[in-house]
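Treat the numbers as computed from the prediction; the structure is a model and nothing was measured.
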Amino acid sequence: MPVPVNEQEAQNVLDRLIKAKLKPFVKKVDDEAYYAEDYLKAIGNSGLLHSRHTPLSRMLPDESRLVEETAKTCMTTAFNLWCHLASLTYVRLSDNAYLHREILPLLENGEKLGGTGLSNPMKFFAGMEKLLLKAVRTTGGYIVSGQLGAVSNLGSGHWFGIIADAGDDRQIMAFVSCDVPGLALRKKAEFLGVNGSATYSCEFADVFIPDNWLLSEQAGDFVTKIRPAFVAYQIPLSLGITKASIDGIKKFSDRQNGCNSYLRVQAAEIEDHYVSLREKFYQLLKSGEFAEQWEQLLKYRLDSAYLSLKAVQACMLHQGSAAYQKVSHAARRLREAYFYANLTPTIKHLEKMLCGHQ
């Protein structure tokens with residue numbers, strides 16, 4: 001597997017993949033809930049996710065750009081890529097030798113894909129929900145029961161993270177195969193948008209989780225370790241759809257004898273905000289201090305959610321009737337932005353955390 005040696009080479013590889021394996025299928029992703037699995041696997045197969053034991057702080061900027069560039073074309077698929085990167089983070093930061101040796105290489109080279117499974121647990125640790133999965137210790141592992149309402153980027157051969165209540169105020173976190181006996185996946189594709197995300201409800205009926213799948217038996221501490229990357233990889237989703245919306249506004253600037261110039265929100269205003277946020281975000285990643293500046297990272301995440309909502313709405317107004325088609329790019333980005341606003345941590349979750357009630 002060839003590994004791109006510099007940023008420009010990586011960009012060239014990604015551009016080719018987007019052109020060949022994503023752009024031709026965007027309408028199908030949005031309209032028919034098509035899952036762009038081939039594109040996601042090709043990213044790994046091209047060497048773009050190969051860590052070679054590089055510290056996560058050095059991987060984050062490069063991998064975030066993969067999400068951003070993908071989101072400019074299709075945020076649904078970029079969201080799937082975020083799911084995969086989150087799962088990579090779980091394994092990369094764990095001390096589990098089996099997962100490092102046997103599973104991590106497959107996730108990085110595109111043979112396997114991963115999901116997150118942490119929407120409910122993240123809300124649990126923020127005091128918003130109860131844990132939906134229960135774990136009971138048994139010989140060689142745990143028996144897990146319960147149901148998760150929606151986990152994305154799943155399918156046969158995929159893996160995903162879970163956190164379960166193990167009793168005595170203790171939680172475990174594990175990395176689970178979608179093909180494990182006792183796990184039932186039921187597809188969910190009735191959302192307003194982002195239906196091509198391979199989202200399933202997951203019912204655990206006395207599922208045996210062996211010890212060599214455990215990421216941590218102190219999940220609370222482990223979540224504190226992984227959550228900066230979990231959130232950081234999301235922000236490029238907004239950057240991608242915001243930039244695409246800015247471009248969409250500019251494309252229609254001369255229509256109807258320049259009438260769009262009378263609209264209150266113009267491309268320049270959104271672009272100034274976008275450029276500033278993007279620059280500060282990547283500076284934080286490159287500094288390697290994103291974990292230490294957790295609150296600042298949350299502010300960027302919240303700011304990005306409001307910015308993308310503003311951008312897609314402005315694009316809809318500037319494009320007018322051309323945008324008001326179910327299959328238009330502007331309408332797709334509108335649905336994607338509303339999904340991003342409700343992606344864990346949601347806007348209300350972030351507002352709660354930033355008010356000091358973490």
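- We find the CZ-CD distance between R170 and E217 to be 5.5 Å, quoted to the nearest 0.5 Å.
- Neither I162 nor F208 shares a network with the other; the hydrophobic side chains, linked directly or stepwise wherever heavy atoms of I, L, V, M, F, W or Y lie under 4.5 Å apart, form separate groups for each.
- Side-chain heavy atoms closer than 4.5 Å link hydrophobic residues (I, L, V, M, F, W, Y) into clusters, and following such links, possibly through other members, connects Y90 to F125.
- Evaluation of the ring-ring contact (aromatic ring centres under 6.0 Å, His included) rule for F175 yields W159 as partners, not counting sequence neighbours.
- In this structure the side chain of D303 reaches within 4.5 angstrom of the side chain of H273, judged on heavy atoms.
- With a 6.0 Å radius and a threshold of 12 heavy atoms from other residues, nucleotides or ligands, Q313 has its CD atom at or below the threshold.
- A heavy-atom distance below 4.5 Å is found between the side chains of H158 and E37.
- The aromatic rings of W82 and F230 stand perpendicular to each other, their planes meeting at an angle above 60°, with 30° marking the opposite boundary.
- Considering all non-hydrogen atoms of both residues, A330 and Q319 come closest at CB-OE1, 3.7 Å.
- Atoms CG and CG, from L49 and L107 in turn, are 9.5 Å apart once rounded to the nearest 0.5 Å.
- For an aromatic pair to be called close, the ring centres must be under 6.0 Å apart, and F281 with Y300 fails this.
- Taking a cutoff of 4.0 Å between a charged side-chain nitrogen and a carboxylate oxygen, R332 and E336 qualify as a salt bridge.
- Counting heavy atoms from C-beta outward, L104 and L99 have side chains that stay 4.5 Å or more apart.
- Within a 6.0 Å radius of CZ in R101, more than 12 heavy atoms belonging to other residues, nucleotides or ligands are found.
- By the 6.0 Å contact criterion, CG on D15 is enclosed, its count of non-hydrogen atoms from other residues, nucleotides or ligands being greater than 12.
- A cation-pi arrangement, defined by a distance under 6.0 Å to the six-membered ring centre and an angle within 45 degrees of its axis, is present between R301 and Y340.
- I163 is not listed as a side-chain neighbour of L215, based on a closest heavy-atom distance of 4.5 Å or more.
- Between R137 and D211 a salt bridge is recorded (basic side-chain N to carboxylate O distance below 4.0 Å).
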After noting the C-alpha distance and the side-chain angles of D247 and K72, does the key distance pass the salt bridge (charged side-chain N to carboxylate O under 4.0 Å, His left out) rule?
CA-CA 10 Å; D247 292 343; K72 290 176 183 178; over 6 Å; no

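- Atom CG in L237 sits 11.0 Å away from atom OG1 in T77 (nearest 0.5 Å).
- Side chains of Y338 and L309 form a contact here, defined as non-hydrogen atoms less than 4.5 Å apart.
- With sequence neighbours excluded, no residue satisfies side chain to side chain contact (heavy atoms under 4.5 Å, CB included) with V136.
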Should Q293 and L284 be marked as a side-chain contact (heavy atoms from CB on, under 4.5 Å) after you check the CA-CA gap, both sets of side-chain angles, and the distance that decides it?
CA-CA 8 Å; Q293 298 194 43; L284 180 58; 3.8 Å; yes

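- In this structure, the side chains of Q11 and E7 stay at 4.5 Å or more apart for every pair of heavy atoms.
- Remark: H349 NE2 is packed, more than 12 non-hydrogen atoms of other residues, nucleotides or ligands lying under 6.0 Å away.
- For K123, the NZ atom counts as densely surrounded, since its 6.0 Å shell holds more than 12 non-hydrogen atoms of other residues, nucleotides or ligands.
- Counting heavy atoms from C-beta on, the side chains of F124 and D165 never come closer than 4.5 Å.
- The closest side-chain donor-acceptor pair between S145 and D206 falls under 3.5 angstrom.
- Between F339 and F191, the gap from one ring centroid to the other reaches at least 6.0 Å.
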Please evaluate residues Y142 and L214 with respect to the criterion side-chain contact (heavy atoms from CB on, under 4.5 Å), reporting the C-alpha separation (whole Å), side-chain torsions for both, the decisive distance (0.1 Å), and the verdict.
CA-CA 9 Å; Y142 287 85; L214 290 178; 3.9 Å; yes

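- A distance of 8.0 Å separates OG of S304 from CG of L350, quoted to the nearest 0.5 Å.
- For NZ of K41, the number of neighbouring non-hydrogen atoms (other residues, nucleotides, ligands) closer than 6.0 Å is greater than 12.
- No more than 12 heavy-atom neighbours from other residues, nucleotides or ligands sit within 6.0 angstrom of CG on D169.
- Between F79 and C83 there is a side-chain heavy-atom pair separated by less than 4.5 Å.
- Hydrophobic cluster membership is shared by V275 and I235, with clusters built from Ile, Leu, Val, Met, Phe, Trp and Tyr side chains linked at under 4.5 angstrom.
- Classification of K112 and E102 as a salt-bridged pair fails, no side-chain N sitting under 4.0 Å from a carboxylate O.
- Taking hydrophobic clusters as Ile, Leu, Val, Met, Phe, Trp and Tyr residues chained together by side-chain heavy-atom distances below 4.5 Å, L17 does not share a cluster with V29.
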